[in-house]
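See below for the structure under consideration.
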Amino acid sequence: MKVKAKFFAAMREALDRTEMEIELPSGATVQQLVNLIAEQYPVLRSYLDSTLVAVNRKYALPQTELHDGDEVAFVPPVGGG
Amino acid sequence: MKVKAKFFAAMREALDRTEMEIELPSGATVQQLVNLIAEQYPVLRSYLDSTLVAVNRKYALPQTELHDGDEVAFVPPVGGG
Amino acid sequence: MKLFEITTEKLSVDEVVARLADPAIGAISVFVGVVRGDTEGRKVRYLEYEAYPEMAEGMLRQIGDEIQARWKTIHKVSIVHRVGRLEVGEISVVIALSAAHRPELFDALHYAIDRLKEIVPIWKKEVWTDGSEWRSER
Amino acid sequence: MKLFEITTEKLSVDEVVARLADPAIGAISVFVGVVRGDTEGRKVRYLEYEAYPEMAEGMLRQIGDEIQARWKTIHKVSIVHRVGRLEVGEISVVIALSAAHRPELFDALHYAIDRLKEIVPIWKKEVWTDGSEWRSER
């Protein structure tokens, strides 16, 4: 299955991309996606510990299961206001 | 001596005047002025209990002594906001 | 530009906020008083505000001084109150406080509106569809 | 008119306050975020705000819902956050809450700005005269 990953702020700049399609085994969780990202994009590793993950625009847990077509956003510490 | 008395809101309407000159014995206090007003303008009596008095734009006490030319304002309960 | 003012002109929140402009500030809290369409079940046609303007502006300034004495982080205070005939939905008062950061802004704003209703010589006449009355909170 | 919005347009407090218009309200409290000219001693040239807008508007709406669940007297909530490049002195966010009377408005406004800084996916890059950094409070 494929999910769409979105990156913002410092992570977007480090990666120099705003989004990408990622191929995952069926039934993969948020944690598995995070592990994959850490492995394939070492430049993002330092951000991942403080980053939340949102699936389809809602904050998700590491054990949340992903589905084909999901929009998965990496949300570094927010700074609104 | 003479002071200038100013009236606002319900008192102004009851009296149908915004201000008047009042002749007082030298050394008269705020309380003496209030007593004089109560006597000469019965229509204002019901307001005087809840009214503060400002002398030259500062809140004053009943025992505050008045001086020639003072501006004495009768301040009914305020309703700003 | 006056920070404390009684005016017969229509009020703009943006215009009052602009009075606080300063590169050192990062947060502004504002209280906006609006003419309500009913009070205790009676339909309001309009309000008539009256002030003793020379004294009222001094009292507004006093509230500003009290706030800056009590909350050292408040940078500036501006309070502008409109008087005259005000229609339902129109702004009667704008209180704006600025600071570098947000802590204390809310307590200070709360204090400002409470004091305004206590000490400033401004009076409000409610004109209903079936009568009218000078109103206060004391 | 949207009550919860991420926009690249300049913000007007009057315009946001107007979104709350209703004859039933008598009091509005507003928080205005402004771009400060310095942070921790460094001179700011400008700020760059970035959002995940589709999610951020949903989170702003959630803050509004939380407030109305917690403070029953709050009539309406509007939160508008600007993104993109903002110069010193420009408004980054306007949070406006309305009620019939003023009690609770201040607590609820305080809550709103705290939550905004906690959960809404908006990021801020400070661009100083000598560098830049993405900043957050957590």
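Numbers restart at 1 for each chain; the letters A, B, ... are given by sequence-line order, proteins then strands. Here the structure is a predicted model, which is why all the values come from computation and not from measurement.
Interface remark: D/Lys125 contributes side-chain atoms only to the contact with chain A (heavy atom separation under 4.5 Å). Residue D/Trp123 touches chain A through both its backbone and its side chain, counting heavy-atom pairs closer than 4.5 Å. Looking at D/Ala56, there are no atoms closer than 4.5 Å to chain A (heavy atoms on both sides), in backbone or side chain. Proximity to chain A is limited to the side chain of D/Tyr49, based on heavy atoms less than 4.5 angstrom apart.
Shortest non-hydrogen contact noted between D/Ser92 and A/Gly81 is OG-O, 3.2 Å. Here the closest heavy-atom approach between residue D/Ile119 and residue A/Val78 is recorded as N-CG2, 4.3 Å. A pairwise comparison of heavy atoms in D/Pro121 and A/Val75 identifies CB-CG1, 4.3 Å as the closest pair.
Residues from residues 12-41 of chain A that place a non-hydrogen atom less than 4.5 Å from a non-hydrogen atom of chain D comprise A/Arg12, A/Glu13, given in numerical order.
Residues A/Phe8 and D/Met55 form no side-chain contact, since every pair of their non-hydrogen atoms from C-beta on lies 4.5 Å or further apart.
Most heavy-atom pairs under 4.5 Å with chain A, from the set D/Lys124, D/His81, D/Glu50: that is D/Glu50. Of the listed residues (D/Arg135, D/Glu48, D/Glu54), the greatest number of heavy-atom pairs within a distance under 4.5 Å of chain A belongs to D/Glu54.
Taken to the nearest 0.5 Å, the CD atom of D/Glu57 stands 10.0 Å off from the CZ atom of A/Arg57.
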